Amino acid sequence: MAISLSVVVLLAVVLVVLIRGGSIKAGPAIVAILFGFFLASTGMAPSINRFMNSLAEMVNSISF
């Protein structure tokens, strides 16, 4: 749960920066948000969740 919340916050910050910087306009941003929202309710959601969890674990295992 903590990883999912962190990813959501990170993506929200990136989205706000892109909108404010002019790289992406509000219309395409809304489409991207709606796409993610509806994608989460499909059958692919568990696979995407597993992939993101394994990616987070891989990044977490990197030691400097």
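Predicted, not measured: the structure shown is a model, and the values here were computed from it.
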**Q** Please table the atom pairs, donor to acceptor, closer than 3.5 Å between any side-chain atom in residues 38-46 and protein atoms at least two apart or in another chain.
**A**
| from | atom 1 | to | atom 2 | distance (Å) |
| --- | --- | --- | --- | --- |
| Ser41 | OG | Phe38 | O | 2.8 |
| Thr42 | OG1 | Leu39 | O | 2.7 |
| Thr42 | OG1 | Met44 | N | 3.3 |

**Q** Could you tell me which residues satisfy side chain to side chain donor-acceptor pair (under 3.5 Å) with Ser47, sequence neighbours excluded, listed by chain and number?
**A** Arg50
**Q** Pairs of donor and acceptor atoms involving the side chains of residues 12-28, under 3.5 Å and at least two apart or interchain, shall be tabulated with distances.
**A**
none

**Q** Measure the spacing between CG of Asn60 and CG of Asn53 and express it to the nearest 0.5 Å.
**A**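 Spacing of CG (Asn60) from CG (Asn53) equals 11.5 Å.
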**Q** Hydrophobic cluster membership, with links at side-chain heavy-atom distances under 4.5 Å among I/L/V/M/F/W/Y: are Phe37 and Val9 in one?
**A** no
**Q** Hydrophobic clusters join Ile, Leu, Val, Met, Phe, Trp and Tyr when side-chain heavy atoms are under 4.5 Å apart, directly or via other members; which others share one with Val59?
**A** none
